[in-house]
Amino acid sequence: MSDAIISAKQVSQKSGNTYLLKNINIEIYPGQHWIVFGNNGSGKTTLLNVLAGYLKPSSGELYFLNDLYSPNTIYQIYQNIGFVSSSFFDQCFSHETALEIVLSGITGMLSVPFDITAKDVRKAKHILKQFHLYDKMDFPYDLLSKGQRQCVLIGRALMSKPSLLILDEPTSGLDIVFRSKIISTIEALCASSVITILFVTHHANEISSCFENAMLIRDGEIFAFGKTINIFSDQVLSEYFNTPVKCSWKNDNVSIRMYNQPLDLSGIMY
Amino acid sequence: MLTQEMKSRSERCCCRYCGSKLAIHVVIFNQYGGAGAELYCPNCNKIEFGTEPAIYTAAKDFVDEMDFSHYFNLEDNERTYQLNIAKVCDILSWGGKSLGWLDKNGLKYPTENNEVVL
């Protein structure tokens with residue numbers, strides 16, 4: 001019996017002959033806050049979809065609070081995991097209203113349960129008010145801006161008071177105002193509650209010391225994991241990117257600088 | 001999970017927005033067996049839990065006769081009209097559940113259209 005909230009044992013995900021994830025072994029403990037960092041195509045989103053239970057791994061075992069992911073446990077797992085992923089939910093929602101989508105978070109399914117209570121509705125409206133979406137609660141999802149949709153998904157994830165919050169690039173495509181709001185909200189969640197958080201990003205400037213743990217994903221494998229301050233260092237990142245990297249911390253945020261050869265556009269541009 | 005309740009609602013209920021008959025839409029969003037079946041309105045192209053047809057009829061007539069608009073700041077078009085009907089459906093359903101004449105199996109008492117009102 002493990003104390004981990006989620007544990008993955010030799011989890012792999014294949015697509016044809018290609019490994020999207022390979023031999024993933026991780027344990028996430030209650031109250032921990034993790035950054036999952038990696039380049040485009042490194043396997044971050046696949047890993048999160050697997051951990052959130054929306055993608056069944058090709059091999060390996062997944063446990064949530066010592067319960068094996070299975071048809072008998074998956075719906076209960078959905079209620080305990082708040083999953084935010086626009087790449088996933090944009091395929092599920094279109095004309096559903098913001099309020100309906102937030103309320104669907106109660107069960108972790110996609111629809112509003114019949115037996116919602118006044119308390120549920122008040123909570124959902126309160127969440128939408130915090131995201132300045134109270135006047136948009138009856139707007140269809142596809143008429144909301146990208147930032148508003150992200151806020152709705154975050155609100156949905158919080159409805160069931162999840163033990164684990166999985167955020168897949170929640171600031172993707174957002175303008176500076178919304179990005180700042182969402183990062184502040186997540187940092188406040190890290191600071192004020194015991195919720196466990198997995199936060200995927202490929203933007204270094206979103207990494208702050210409120211995420212005390214970090215893992216680097218490369219080519220579907222865990223390249224490194226440990227304390228954020230140790231992972232985001234010159235040596236580790238230079239090895240990860242295969243190029244000299246200068247990493248510095250300022251005001252609890254990390255800054256990464258690297259030199260890259262520009263693209264060869266001769267013959268195309270001039 | 002496809003339940004008996006869901007099947008029953010798909011046969012009995014209609015969309016709160018357009019009044020169309022509901023369908024069962026299998027949203028396969030997990031691979032652990034037991035695809036996510038949801039009630040769906042094929043006309044509105046949305047996941048929709050639906051309402052009793054009598055409630056929809058009453059709601060539509062209320063919006064038409066009383067020129068009701070909860071969304072006065074939205075453009076006056078078909079979409080807004082449907083939003084208003086759905087809002088009244090929600091109000092009537094809420095009242096029905098609170099007053100005990102509506103549960104997940106439908107209306108508990110027979111209804112008939114009141115021609116004087118409608």
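Letters go in sequence order (proteins before strands), and every chain restarts at 1.
- For A:S70, the part sitting under 4.5 Å from any heavy atom of chain B is the backbone (N, CA, C, O) and nothing else.
- Counting heavy-atom pairs under 4.5 Å between each of A:E100, A:H95, A:Q91 and chain B puts A:H95 at the top.
- Atom CD in A:E96 sits 13.0 Å away from atom CG in A:L103 (nearest 0.5 Å).
- Interface remark: A:D115 contributes side-chain atoms only to the contact with chain B (heavy atom separation under 4.5 Å).
- Contacts with chain A were tallied for B:E48, B:H70, B:R16; B:R16 has the most, counting heavy-atom pairs under 4.5 Å.
- In terms of heavy-atom pairs under 4.5 Å with chain A, the best-connected choice from B:D103, B:L74, B:L83, B:N45 is B:N45.
- Defined by atom type and a distance below 3.5 Å, a donor-acceptor pair is present between the side-chain atoms of B:Y81 and B:D64.
- In this structure, the ring of A:Y54 has its center less than 6.0 angstrom from the ring center of A:Y78.
- Distance check: A:T185 OG1 to A:F178 CZ gives 10.5 Å after rounding to the nearest 0.5 Å.
- A donor-acceptor pair under 3.5 Å is absent between the side-chain atoms of B:T80 and the main chain of B:D76, judged by distance alone.
- Residue contact with chain A, scored on non-hydrogen atoms closer than 4.5 Å, is absent for B:Y40.
- Contact of A:Y141 with chain B is not made at all, since no heavy-atom distance falls under 4.5 Å.
- For the atom pair A:L47 CG and A:N49 CG, the distance stands at 9.0 Å (nearest 0.5 Å).
- In this structure, the portions of A:A118 lying under 4.5 Å from any heavy atom of chain B include both its backbone and its side chain.
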